[in-house]
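One structure below.
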Amino acid sequence: MEVFGVRLWLGWLMIAVLLVTMAPAVLLGRAKLKIARQLHDKVLYADAEMNRADWLTAGAAVLGVLGIGFGLWWADAVAALVIGADIVRDGVNTTRSAVGNLMDSRPQVVGSRDPHPLPGRLLAAVLDHDWVADAWLRVREEGHVFVGELLVVPTGEEGLPARLAELGEWARDFDWRVHDLVVVPVTRIERGPAEG
């Protein structure tokens, strides 16, 4: 294309537009990612991942356009394959997370397959109470908060209803993510072979 008598390759214009659109996606995506992990917010994490996909797509498109400009006819196809592979990877991870949430799987750290440390810390803190002989905790995620059941083997029955109510309130105050926890007294806790 000619502009004021100067021959201009439209690829430079495409690259400029792609680079301009990449900058906000990079900045916003990184900021959202950090906050999503702190808040244990999977929706915000998914939005940060979409920002990541946006800038990766733009970056791959820039490389494809540059490749074509340098005469590499296959560069655009390679860029499309990279973009497609990233979309498939994101879809697999999102589907795995959604199925886990539907099946009430053990809470995981946002953006990871590692178990969330909060249930273990809460159970250890409950076992530190002098009137608790043993305890078992099952926690599920509901959005960015945790709900679950806490089974407690008390050392004695004196004032048990008040102690259980107090323990439930204490557990909910333990961390802002513990939203709803049912505390139930039991005589003993049956553990499977994996639980020791």
I need the Leu123 CG to Leu150 CG distance, nearest 0.5 Å. 7.5 Å
Can you list every pair that meets side-chain hydrogen bond (donor to acceptor under 3.5 Å, both in side chains) and has a residue in residues 120-135, with sequence neighbours left out? Asp134-Arg191
For a 4.5 angstrom cut-off between non-hydrogen side-chain atoms, does Leu118 reach Pro107? no
Would you indicate whether the side-chain heavy atoms of Ile189 and Val153 approach each other to under 4.5 Å? yes
Val184 vs Val152, side-chain contact (heavy atoms from CB on, under 4.5 Å): CA-CA, chis, key distance, verdict: CA-CA 6 Å; Val184 180; Val152 177; over 6 Å; no
Residues sharing Ile83's hydrophobic cluster, by side-chain heavy-atom contacts under 4.5 Å among ILVMFWY, directly or via others? Ile87
Residues in side chain to side chain contact (heavy atoms under 4.5 Å, CB included) contact with Ala23, at least two apart in sequence or another chain: none
How is the hydrophobic cluster of Val92 composed, in terms of its other members, when Ile, Leu, Val, Met, Phe, Trp and Tyr link through side-chain heavy atoms under 4.5 Å apart, directly or indirectly? Val88
Please enumerate all residues that pass side-chain hydrogen bond (donor to acceptor under 3.5 Å, both in side chains) together with Asp173, with sequence neighbours excluded. none
Salt bridge (charged side-chain N to carboxylate O under 4.0 Å, His left out) contacts touching residues 23-38 (sequence neighbours left out): Lys32-Asp47
Other than Val20, what residues sit in its cluster of Ile, Leu, Val, Met, Phe, Trp and Tyr side chains whose heavy atoms are under 4.5 Å apart, directly or through others? none
Not counting sequence neighbours, list each pair that qualifies as a side-chain hydrogen bond (donor to acceptor under 3.5 Å, both in side chains) and has a residue in residues 59-81. none
Going by the rule ring-ring contact (aromatic ring centres under 6.0 Å, His included), which residues pair with Phe146 if we only count those two or more places apart in sequence or in a different chain? His40, His116
Glu149 bridged to Arg140 by N-O distance under 4.0 Å: yes
Return the set of residues passing side-chain hydrogen bond (donor to acceptor under 3.5 Å, both in side chains) with Glu166 (not counting sequence neighbours), or none when no residue passes. none
Using 0.5 Å steps for rounding, measure from the CG atom of Leu39 to the CH2 atom of Trp176. 5.0 Å
Qualifying salt bridge (charged side-chain N to carboxylate O under 4.0 Å, His left out) pairs with a residue from residues 77-103, counting only residues at least two apart or across chains: Glu49-Arg89, Arg52-Asp86, Asp86-Arg89
According to a hydrophobic-cluster definition based on side-chain heavy atoms being under 4.5 Å apart (Ile, Leu, Val, Met, Phe, Trp, Tyr only), do Val178 and Trp170 belong together? yes
Can you list everything that forms a side chain to side chain contact (heavy atoms under 4.5 Å, CB included) with Ala171? Sequence neighbours excluded, please. Leu122, Leu181
